Amino acid sequence: MGIPGAVPECFVREGVYRALLQAARRLPEGMGMVVLDGWRPWRVQQYLFDTLHEAIHHHHPSLDEGELMVRTREFVSLPSRDPLAPSPHLTGGAVDVTLCDADGMPLDMGTQFDEAIPASHTDHFETLKAPSAAQRQARNNRRLLYHVMHVAGFTNLPSEWWHYDYGDQLWAHYSGGGVARYGPAELDTIENRWRRQFSDS
Ligand SMILES: C[C@@H](N)C(=O)N[C@H](C)C(=O)O
Ligand SMILES: [Zn+2]
């Protein structure tokens with residue numbers, strides 16, 4: 001999507017990968033899971049945050065900075081490399097996922113991935129009094145995704161139907177009193193290995 005610093009691969013922690021496999025294997029025959037995003041460099045997190053902040057400011061110029069931050073943080077976490085409070089995607093513990101059919105075509109989840117609107121809240125279609133057939137289908141697809149991810153040990157971010165966590169701070173929070181297993185991570189590149197080696201000696 002032309003995001004500066006973005007990596008083409010979807011990297012996740014090994015524990016997350018294994019849990020994703022468990023979730024995908026629970027899907028009905030002919031259905032698959034698509035991983036849309038995993039580990040993210042800090043620069044990408046900052047870019048996403050600034051871009052959404054700017055877009056909201058443009059559409060709602062009367063919002064003060066506090067309100068702008070709340071609206072932005074609903075859909076993009078604060079960029080942070082702090083080992084005690086890293087942005088979830090910087091840890092390799094957060095994943096953005098959706099479901100697809102046997103041809104790999106994405107199922108209707110009711111909104112596009114990353115649409116920053118209230119309908120992206122995971123429970124949006126649960127709250128409708130008289131949902132249409134399409135809305136019921138989207139609701140059922142979200143329920144299925146939630147179910148297989150939950151059974152595999154993931155927690156969901158309530159403001160985004162696609163965002164799930166395993167082992168990071170959001171996971172610790174939403175699974176109730178747990179402690180995060182994963183801090184901020186860097187790619188295991190030769191540059192990073194050598195940098196680590198020399199800083200250790
Ligand atoms: C940007 C979106 N895909 C996402 O991952 N949002 C969450 C809240 C995040 O940035 O951690
Ligand atoms: Zn996410």
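Position 1 is the first residue of the sequence, and the numbers go up from there. Start at 1 and go down the list; that is how both ligands and their atoms are numbered. Note that this is a predicted model, so its numbers are computed, not measured.
For atom 11 (O) of ligand 1, the closest non-hydrogen atom of the protein is S77 OG, 2.7 Å. With respect to atom 3 (N) of ligand 1, the closest heavy atom belonging to the protein is D114 OD1, 2.7 Å.
Assignment of F49 to the shell around ligand 1 is not supported, since no heavy atom sits closer than 4.0 Å.
Residue contact check: L157 has heavy atoms under 4.0 Å from atoms 8 (C) of ligand 1. Of all atoms in ligand 1, numbered sequentially from 1 with element shown, those under 4.0 Å from a heavy atom of H89 are 5 (O), 9 (C), 11 (O). Close approach to F75 involves these atoms of ligand 1, each under 4.0 Å from a residue heavy atom: 1 (C), 2 (C), 4 (C), 6 (N), 7 (C), 8 (C). Residue contact check: D96 has heavy atoms under 4.0 Å from atoms 3 (N), 5 (O) of ligand 1. The H163 neighbourhood of ligand 1 comprises atoms 5 (O), 7 (C), 11 (O), with distances under 4.0 Å to a heavy atom of that residue. Atoms of ligand 1 found under 4.0 Å from any heavy atom of W162 (numbered from 1 in listed order, with element): 3 (N).
Ion pairing between a basic and an acidic side chain is recognised when a charged N comes within 4.0 Å of a carboxylate O; R143 and E126 show such pairing.
F75 places a side-chain heavy atom less than 4.5 Å from the side chain of L52. Contact annotation: the side chain of P86 never approaches that of Y182 to less than 4.5 Å [non-hydrogen atoms, C-beta and beyond].
For H57, the NE2 atom counts as loosely surrounded, since its 6.0 Å shell holds 12 or fewer non-hydrogen atoms of other residues, nucleotides or ligands.
Note that the CG atom of D123 and the CG atom of L128 stand 9.5 Å from one another [nearest 0.5 Å]. Note that CE of M69 and CD1 of I56 are 10.5 Å apart. Values are rounded to the nearest 0.5 Å. Atoms CG and CE, on D165 and M149 in that order, are 9.0 Å from each other to the nearest 0.5 Å.
For the pair V76 and Q45, the tightest heavy-atom approach, listed with the atom from each and the gap, is CG1-NE2, 3.5 Å. In terms of heavy atoms, T122 sits closest to L157 at OG1-O, 3.5 Å.
With the Zn ion (ligand 2) as vertex, H89 NE2 and D96 OD1 subtend 110°, rounded to 10°.
Nearest to atom 7 (C) of ligand 1 by heavy atom, out of E160, Q45, R73, is E160.
Here's the thing with E74: none of its N/O atoms is less than 3.5 angstrom from an N/O atom of ligand 1. Between V76 and ligand 1, a contact under 3.5 Å exists for no N or O pair.
At a threshold of 2.8 Å, the Zn ion (ligand 2) has no backbone or side-chain N, O or S atom of D37 nearer than that distance.
Among the heteroatoms counted here (N, O or S) of H163, ND1 is the one nearest to the Zn ion (ligand 2).
Residues T155 and S175 have side chains that never bring a donor and an acceptor to within less than 3.5 angstrom of each other.
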